[in-house]
Amino acid sequence: MGYELQAVIAGDELLRVASREVPGSQVVPLGQGLSLMPMTDEVFDAVTDGSDAGDLGFWRLPGGFGTLLAQWSAAGPIAYVEAEYFGGVGEQRAAVWADGALALGPLDEPTKKRFSRAVSPISQALQRLGARRSLGEDEFEAVGLDRHRNNEDWISSTC
């Protein structure tokens, strides 16, 4: 079974306010005061300016969306994350904007923390957003990103 995610993650209130600017967007609560907005085709079309977004290396980041994320980040840190896994093999990418600028990333490889296990790009972004892990889990699990396997499941969970 696979896992696929392309989404914006931020504090609940920040993301609810920001999403009002994006037709067709849906905000799904996570844990620890965070929410996510899945990157659907409708959201992609609403936020793209048609330019190439390849400079950050994401698979599905709309052109020009980094500028909008930077604007939103004036109210608090905000992340864009992507993950794709099948059979335990795959990739993650993450970036965080804060205070109107790119503040972390884009990250595409786990980093080793001294005397501990590797920390995934998405967990690093979640740390920057204030997420905290408990013993035996990472930030990804701590906020509940393991509850659903794809964007469609996240969206249907709001119905």
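Predicted model only: the values in this text are computed from it and were never measured.
The heavy-atom pair separating Val43 from Thr40 by the smallest distance is N-OG1, 3.1 Å. Across every non-hydrogen atom of Val143 and Ala131, the tightest pair is CG1-CB, 3.7 Å. When all heavy atoms of Leu102 and Ala95 are compared, the pair lying nearest together is CD1-CB, 3.9 Å. Taking each heavy atom of Ala70 and Ala101 in turn, the nearest pair found is CB-N, 4.3 Å.
Under the side-chain contact (heavy atoms from CB on, under 4.5 Å) criterion, Leu68 pairs with Glu21, Val47, Phe65, Gln71, Trp72, not counting sequence neighbours. Not counting sequence neighbours, the partners of Ser19 by the side-chain contact (heavy atoms from CB on, under 4.5 Å) test are Ser25, Val27, Met37. Legend: residues meeting side-chain contact (heavy atoms from CB on, under 4.5 Å) with Ser73, ordered by chain and number and at least two apart, are Ile78, Trp97. Remark: Ala46 pairs with Val22, Pro23 by the side-chain contact (heavy atoms from CB on, under 4.5 Å) rule, at least two apart or across chains.
Listed by first and then second residue, the salt bridge (Lys or Arg N to Asp or Glu O under 4.0 Å) pairs that reach into residues 22-43 are Asp41-Arg60, sequence neighbours excluded.
Side-chain atoms of Glu84 and Trp59, non-hydrogen and from C-beta on, do get closer than 4.5 Å to each other. Side chains of Arg93 and Pro121 form no contact here, defined as non-hydrogen atoms less than 4.5 Å apart.
Glu82 CD to Leu61 CG: the interatomic distance, rounded to the nearest 0.5 Å, is 7.0 Å. Taking CG from Leu5 and CD1 from Ile122, the interatomic distance works out to 6.0 Å, rounded to the nearest 0.5 Å. Between the OG atom of Ser134 and the CD atom of Glu141 there is a distance of 10.0 Å, given to the nearest 0.5 Å. Between atom CZ of residue Arg128 and atom OG of residue Ser123 there is a gap of 15.0 Å, rounded to the nearest 0.5 Å.
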Residue pair Gln6, Tyr80: steps toward the side chain to side chain contact (heavy atoms under 4.5 Å, CB included) verdict: CA-CA 8 Å; Gln6 304 89 31; Tyr80 179 76; 3.7 Å; yes

Run the side-chain donor-acceptor check on residues 8-18: report pairs under 3.5 Å with partners two or more places apart or on a different chain.
{"unit_1": "Asp12", "atom_1": "OD1", "unit_2": "Ser35", "atom_2": "N", "d": "3.4"}
{"unit_1": "Asp12", "atom_1": "OD1", "unit_2": "Ser35", "atom_2": "OG", "d": "2.5"}

